[in-house]
K.L.:
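Can you keep this structure in mind? I'll have questions shortly.
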Amino acid sequence: MNRKLIIHIMIILTLLVAVSCIFTPYALKKYRKYCAVKAYHEFIEGKRDCMGQDILSLATPTGEPKRRYATKYFITDSTGDEVPELHVWGRICIVFTFDHDEMAILDSFASSSAGMYYLLNNGVMIYNEYVKNVFGNYYDYFILDGDGNRIKKLSFGWEDINDNQRFDIDDIYVFNDTVCTMEDWFEKTEGYIYIDENGRESVCDEAEWVMYCEAT
């Protein structure tokens with residue numbers, strides 16, 4: 001075998017190894033994503049359970065087999081690893097993840113009189129905490145790690161100090177634990193919340209939930 005042919009073969013083999021190193025992790029991640037989404041749809045269709053939970057049990061009040069909570073779901077990546085999670089919201093919200101060919105419960109939470117949870121299309125979650133004793137809101141944006149721990153992304157809020165139930169320069173405005181002016185606060189929170197014509201706050205880009213069943 002001549003020297004030129006050997007060199008050409010070595011170059012081709014090197015290129016094949018390089019391409020394999022680049023594309024194998026990508027292919028594996030795509031496959032994990034495919035398997036996760038497949039498992040989640042099997043769960044939603046009642047063909048799979050997870051840690052003793054199935055979709056019908058989540059939607060059914062205890063001891064009332066013919067009744068249903070309003071239950072919805074959404075699939076999005078909430079851990080930042082590009083493999084999505086399944087969020088099922090009925091009486092409470094449960095976040096399912098997929099790893100080692102199995103579904104598992106990653107976290108669960110419930111809105112209450114103290115505050116409300118939101119999910120965004122990009123998988124980020126928000127806890128909207130109501131301010132005690134005065135009008136106002138605080139927002140904590142977070143994602144989850146692989147163990148279900150909450151990783152804070154950002155936070156902001158305001159307190160209606162003069163209790164007139166509207167935004168003005170006399171109120172307290174905070175962004176990422178730093179007090180700022182009303183003008184700065186609105187500039188920094190643009191794209192995160194918006195104020196409607198009635199002065200009410202709403203989060204931007206809230207998840208487009210899919211309804212599993214209506215309340216009965």
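What's counted below: heavy atoms across the whole structure, side chains too, no hydrogens, waters or symmetry copies. Quick caveat, the model's predicted, so the values are computed rather than measured.
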K.L.:
Looking at OG of Ser108 and CZ of Arg91, how far apart are the two atoms once the value is rounded to the nearest 0.5 Å?
P.N.:
9.5 Å
K.L.:
Around Asn133, counting heavy atoms of other residues, nucleotides and ligands shown, do more than 12 lie under 6.0 Å from its CG?
P.N.:
no
K.L.:
Have Thr60 and Arg68 got a donor and an acceptor in their side chains that come within less than 3.5 Å?
P.N.:
yes
K.L.:
I'd like to know whether CD of Glu187 has more than 12 heavy-atom contacts from other residues, nucleotides or ligands below 6.0 angstrom.
P.N.:
no
K.L.:
Considering residues, nucleotides and ligands other than Glu45, do more than 12 of their heavy atoms fall under 6.0 Å from its CD?
P.N.:
yes
K.L.:
Should we count CD of Glu82 as having more than 12 external heavy atoms under 6.0 Å?
P.N.:
no
K.L.:
Please tell me whether Tyr130 and Ile161 are part of a single hydrophobic cluster in this structure, the criterion being side-chain heavy atoms less than 4.5 Å apart.
P.N.:
no
K.L.:
How many angstroms lie between CD in Glu129 and CG in Asp140, if you round to the nearest 0.5 Å?
P.N.:
7.0 Å
K.L.:
Should Phe135 and Asn164 count as side-chain neighbours, where that means a heavy-atom distance under 4.5 Å?
P.N.:
no
K.L.:
Quick one: closest heavy-atom pair of Arg166 and Asp160, and the distance?
P.N.:
O-OD1, 3.7 Å
K.L.:
Between Arg32 and Leu28, is any pair of side-chain heavy atoms under 4.5 Å apart?
P.N.:
no
K.L.:
Answer with yes or no whether the hydrophobic clustering places Val210 together with Ile55; edges join I, L, V, M, F, W, Y residues whose side-chain heavy atoms lie under 4.5 Å apart.
P.N.:
yes
K.L.:
I would like to know whether Ser155 and Asn176 meet side chain to side chain contact (heavy atoms under 4.5 Å, CB included); could you show each step before the answer?
P.N.:
CA-CA 5 Å; Ser155 63; Asn176 277 344; 4.1 Å; yes
K.L.:
Phe74 and Asn121: side chain to side chain contact (heavy atoms under 4.5 Å, CB included), yes or no, with the steps?
P.N.:
CA-CA 9 Å; Phe74 193 73; Asn121 282 309; 3.3 Å; yes
K.L.:
Are Tyr194 and Val203 connected into the same hydrophobic cluster when the rule is that any two of I, L, V, M, F, W, Y join if their side-chain heavy atoms are below 4.5 Å apart?
P.N.:
no
K.L.:
Within this structure, what is the CZ-OH distance for the pair Phe43 and Tyr40, rounded to the nearest 0.5 Å?
P.N.:
11.0 Å
K.L.:
Going by heavy atoms in the side chains, are Tyr117 and Met125 under 4.5 Å from each other?
P.N.:
no
K.L.:
Please name the pair of heavy atoms, one in Val83 and one in Ala36, separated by the smallest distance, quoted to 0.1 Å.
P.N.:
CG1-CB, 3.9 Å
K.L.:
When you group the ILVMFWY residues by side-chain heavy-atom contacts below 4.5 Å and let the links chain together, are Phe142 and Ile92 in the same group?
P.N.:
no
K.L.:
Do Cys93 and Val88 come within less than 4.5 Å of each other through their side chains, counting heavy atoms only?
P.N.:
no
K.L.:
Between Lys33 and Asp77, does at least one N-O distance fall below 4.0 Å, as a salt bridge requires?
P.N.:
no
K.L.:
What are the two closest non-hydrogen atoms of Ala59 and Tyr212, and how far apart are they?
P.N.:
CB-CE2, 4.1 Å
K.L.:
Angle between ring planes, Tyr173 versus Phe186, binned at 30° and 60°: parallel, tilted or perpendicular?
P.N.:
tilted
K.L.:
Hydrophobic clustering (ILVMFWY, side-chain heavy atoms < 4.5 Å, transitive) - are Met51 and Ile44 grouped together?
P.N.:
yes
K.L.:
Taking the side chain as everything from C-beta on, heavy atoms only, tell me whether Trp158 gets closer than 4.5 Å to Val131.
P.N.:
no
K.L.:
Give, for atom CD of Glu214 and atom OG1 of Thr71, the distance between the pair rounded to the nearest 0.5 Å.
P.N.:
9.5 Å
K.L.:
Taking Tyr192 as the fixed residue, which of Trp185, Tyr139, Tyr118, Tyr141 is the one that meets the ring-ring contact (aromatic ring centres under 6.0 Å, His included) rule?
P.N.:
Tyr141
K.L.:
Other residues, nucleotides and ligands only: do more than 12 of their heavy atoms fall within 6.0 Å of CZ on Phe109?
P.N.:
yes
K.L.:
Are there more than 12 heavy atoms of other residues, nucleotides or ligands under 6.0 Å from atom OH of Tyr127?
P.N.:
yes
K.L.:
Would you say the side chain of Leu119 lies within less than 4.5 Å of the side chain of Ser78, judging by non-hydrogen atoms?
P.N.:
yes
K.L.:
Is there side-chain contact between Glu206 and Ile126, with at least one heavy-atom pair below 4.5 Å?
P.N.:
no
K.L.:
If we ignore hydrogens and angles and just use 3.5 Å, is the side chain of Arg67 paired with the main-chain N or O of Thr216 as donor and acceptor?
P.N.:
yes
K.L.:
Output the distance between atom SG (Cys204) and atom CD1 (Ile193), rounded to the nearest 0.5 Å.
P.N.:
7.5 Å
K.L.:
Quick check on side-chain contact (heavy atoms from CB on, under 4.5 Å): which of Thr76, Val37, Thr79 does Pro84 satisfy it with?
P.N.:
Val37
K.L.:
Determine, step by step, whether Asp171 and Asn162 satisfy the side chain to side chain contact (heavy atoms under 4.5 Å, CB included) criterion, reporting the C-alpha distance in whole Å, the side-chain angles of both residues, the deciding distance to 0.1 Å, and the verdict.
P.N.:
CA-CA 7 Å; Asp171 296 331; Asn162 54 15; 3.3 Å; yes
K.L.:
Report all side-chain donor-acceptor pairs from residues 96-105 shorter than 3.5 Å, counting only partners two or more places apart or in another chain.
P.N.:
{"residue": "Thr97", "atom": "OG1", "partner": "Glu85", "partner atom": "OE2", "Å": "3.2"}

K.L.:
Could you tell me the separation between the CG atom of Asp147 and the CG atom of Leu106, rounded to the nearest 0.5 Å?
P.N.:
8.0 Å
K.L.:
Tell me whether the count of non-hydrogen atoms from other residues, nucleotides or ligands lying under 6.0 Å of CD in Glu64 goes above 12.
P.N.:
yes
K.L.:
May I ask you to check whether over 12 heavy atoms, not counting those of Lys132, lie within 6.0 Å of atom NZ?
P.N.:
no
K.L.:
Before giving the answer on side chain to side chain contact (heavy atoms under 4.5 Å, CB included), spell out for Leu86 and Tyr73 the whole-Å C-alpha distance, their side-chain angles and the decisive distance to 0.1 Å.
P.N.:
CA-CA 7 Å; Leu86 169 65; Tyr73 67 90; 4.1 Å; yes
K.L.:
Please enumerate all residues that pass side-chain contact (heavy atoms from CB on, under 4.5 Å) together with Lys188, with sequence neighbours excluded.
P.N.:
Phe175
